[in-house]
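Below is one structure, written out as structure tokens; the observations come after it.
Sequence lines set the chain letters: A, B, ... in the order given, protein chains first and strands last, and positions in each chain run from 1.
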Amino acid sequence: MIRVSIVGGSGYVGGELLRILLKHPHVEVRQVTSERLAGQWFHRAHPHLRGLSDLRFVPMEKLEACDVLVLALPHGRAMRSIDRWARLADRIIDCSADFRLRDPTVYERWYGTPHRAPAWLDRFVYGLPELNREAIRNARYVSGVGCNAVATILAVWPLVRAGLVDSGRGIIAEVKAGSSEAGRQAGPASHHPERSRSIRSYAPVGHRHTAEVQMALGLEAVHLSMTAVETVRGVLATCHVFSKRPVTERDLWRAYREAYAGEPFVRIVHERTGLYRHPDPKVLVGSNYADVGWALDEQTGRIVAFGAIDNLMKGAAGNAVQCLNLMCGFDERAGLDAPGLYPV
Amino acid sequence: MIRVSIVGGSGYVGGELLRILLKHPHVEVRQVTSERLAGQWFHRAHPHLRGLSDLRFVPMEKLEACDVLVLALPHGRAMRSIDRWARLADRIIDCSADFRLRDPTVYERWYGTPHRAPAWLDRFVYGLPELNREAIRNARYVSGVGCNAVATILAVWPLVRAGLVDSGRGIIAEVKAGSSEAGRQAGPASHHPERSRSIRSYAPVGHRHTAEVQMALGLEAVHLSMTAVETVRGVLATCHVFSKRPVTERDLWRAYREAYAGEPFVRIVHERTGLYRHPDPKVLVGSNYADVGWALDEQTGRIVAFGAIDNLMKGAAGNAVQCLNLMCGFDERAGLDAPGLYPV
Amino acid sequence: MTAVCPECEGPIRLAEDLMEGEIIPCGDCGAELEVLSVTPLKLGLAPEVQEDWGE
């Protein structure tokens, strides 16, 4: 059994980390921190987990050494005290955006402040197993992934890999996302009478995850637009790509199969009939699966590529545990093989 | 007062037509037909209108002559008996798709069956006042508009008009729509446990409204994708355009102001702060307004153009009454100046 | 008295007793405009507070 502690455990990602790790066959959850709820029972923040453990939140300075530290702090916090976390554990997984990008100047451009620990950037591996498995397996420090970025990357990666994407035109990705993405902090934007039934273009241009998609796909022309729609969990990336050469359905089946052969958490969804012909986050709630697929417009050669995930799972906590399994040599599926809840 | 009858009045569009016309200063609603509910009180189908009239549904063969006939029939029905309707009224507004397209071969390509009354196509005017006001004013026969098409057309029209759209690349329009678009007919797709919180790519390519957008904008390269999201009323078209020459915010303000100067039902929404910076159907429920706007990505020159409407109002019934007002010489706003209900 | 918004060129209606330093929001684009001077009339963009809605 390995000892894992969670830093910043009172948020939604913290809750999912606990939900998975408390049931993980090879993990013992040692501590979970929260400054705000220090001393309180963990189920004060995670009512659905009542009775699963007798953990209480501890303040950060009470953290003891352990095998793996999973950081679930707001952006900008992890990089300020990374040296301290590194003294407490040999392996660190940071779910925030602090160590996702390799280039500090790119970080500053997108996040608006200079990176606080640029020397650490090269020591972190980008934590997307489907693209980075070997590097993660051998890494001590792994970053999390942006949920919108992951849905977009997994949707389009097979087309990039098959050399179908015209790098000049690149991709237009419109990502529709649920409210839990914005986290636990309540405010005017998350007030139910305003948020319910709204179709809100909260980041039509300039969304930070653009840099992550550019880095992961090695593609400059990434045109990302974010729209908030009514759901709590769920992301659907709808990506428009104009292929360089004529493509057929069979070419696309081959591209997606080859890209994701043997992947434990990626499913190809491309049906002719039925309610769920294309990926829909509706069937992924609480699961670590990513459903990918496409639609081909034969008249114009436009490929519409889809990527659907649960933003709190494959978009954050589930993906972090998938990386932990790889780093610790466990079965990559350990603690993560639950299917989505449906209907919900 | 003019006498107006509604053919096919038991659906959602029929209900909106009644809601507006029963309160219209210059209209007397003479008859409303429904084969299924013939003989029953009209509020059987429209509970919110109880007490506003003592109308009862009549079967079609009981229709008497009147000044204007508004057809709210399922697609494919109006064109089969257009001669009969023309004998009953000097002016006809058909809300269905039967008479929107000018070219019968284009109709057959998109609707999969030969047009039943091709000779009538030239006698109908496409019923979008913002693009066709004079033709509608002088027309006896006016077609309705497709809700997804209207949102897309109004979003992009200022850019086309200002010569900013590269006709080679055209536009990529992703339209997110509510459940009332599919009408009153219940089925597996509209079953609440399946429809709620789903983000469903029901027509990623090949949607019929493509032809309407191509016709209205005079643009061949129209790449339309439809996604169903959780709301009952509401359409948001998010259109991606790469302008031929560098553009500034001020150029875009000018393009939208010039295109819609004096328009009674189009509002420009482009704010720097607040919850409703860009068009959002959330604030348009029950109103005939179309909110349009944009976001400019200065790095890449991408313009994201928005069009938001209530699909039952500016996307159908409200727009039909706007055409009726023009055809009959009334104030174009007559019966239509109610703002959206909010919050809802 | 009317002026033109420096951001979006929209029309701005101004009160007769306009004072230097006053903040006037533009009706079209919502820009907060500071009255830099009254005669001659000069409007400039007032510093803004950025809103952040999470991820």
Open item on the list: If you compare all heavy atoms of B:Pro343 against all heavy atoms of A:Pro193, which two are closest, and at what distance to 0.1 Å?
Closed with: CB-O, 3.7 Å
Task: Donor-acceptor contact present, side-chain A:Lys176 to main-chain B:Lys176, <3.5 Å - done: no
Task: Under 4.5 Å from a heavy atom of chain A, the part of B:Phe306 involved - done: side chain
Task: Heavy-atom pair of closest approach, residues A:Leu236 and B:Ser201 - done: CD2-OG, 3.5 Å
- [ ] Examine whether an atom of B:Val285 lies under 4.5 Å from a heavy atom of chain A, and if so say whether it belongs to the side chain, the backbone or both; otherwise answer neither.
- [x] neither
Open item on the list: Using a 3.5 Å distance criterion without hydrogens, assess whether the side chain of A:Arg197 forms a donor-acceptor pair with backbone atoms of B:Arg233.
Closed with: no
TODO: Verify, without hydrogens or angle tests, whether A:Lys282 (side chain) and B:Ser196 (backbone) share a donor-acceptor contact under 3.5 angstrom.
DONE: yes
TODO: Apply side chain to side chain contact (heavy atoms under 4.5 Å, CB included) to A:Phe242 and B:Arg169, showing your working.
DONE: CA-CA 10 Å; A:Phe242 290 88; B:Arg169 272 183 93 154; over 6 Å; no
Open item on the list: Is A:His278 in contact with chain B via its backbone, its side chain, both, or neither, using a 4.5 Å heavy-atom distance?
Closed with: side chain
Task: Choice from A:Gly234, A:Ser225, A:Gly274 maximising heavy atom contacts with chain B below 4.5 Å - done: A:Ser225
TODO: Drop me the distance from B:Thr227's OG1 to A:Glu174's CD, to the nearest 0.5 angstrom.
DONE: 7.0 Å
Task: Toward chain A, the part of B:Leu224 with a non-hydrogen atom under 4.5 Å - done: backbone
TODO: Could you have a look at B:Val232, B:Ile172, B:Val283, B:Val229 and say which one has the most heavy-atom pairs with chain A under 4.5 angstrom?
DONE: B:Ile172
Open item on the list: Is B:Ile199 close to chain A through its backbone or its side chain, or both, or neither, when contacts mean heavy atoms under 4.5 Å?
Closed with: both
Open item on the list: Given heavy-atom pairs under 4.5 angstrom as the criterion, report whether the side chain, backbone, both or neither of B:Thr238 touches chain A.
Closed with: both
- [ ] Search all heavy atoms of A:Val205 against all heavy atoms of B:Leu296 and return the closest pair with its distance.
- [x] CG2-O, 3.9 Å
Task: Within 6.0 Å of CD in B:Glu108, more than 12 heavy atoms from elsewhere - done: yes
Task: Choice from B:Asp297, B:Asp280, B:Val235 maximising heavy atom contacts with chain A below 4.5 Å - done: B:Asp280
TODO: Give a yes or no on this: more than 12 heavy atoms of other residues, nucleotides or ligands lie within 6.0 Å of atom NE2 of B:His48.
DONE: yes
Open item on the list: To the closest 0.5 Å, what do you measure between CD (B:Gln299) and CD (A:Glu220)?
Closed with: 10.0 Å
Task: Heavy-atom side-chain proximity of B:His223 to A:Thr300 below 4.5 angstrom - done: yes
- [ ] Specify the closest pair of heavy atoms between B:Val304 and A:Pro204, including all atoms of both residues, with the distance to one decimal.
- [x] CG2-O, 3.9 Å
Open item on the list: Between B:Arg277 and A:Tyr202, is the side chain to side chain contact (heavy atoms under 4.5 Å, CB included) condition met? List the steps.
Closed with: CA-CA 8 Å; B:Arg277 309 179 194 191; A:Tyr202 72 93; over 6 Å; no
Open item on the list: Working to the nearest 0.5 angstrom, can you tell me the gap between B:Arg200 CZ and A:Leu275 CG?
Closed with: 5.0 Å
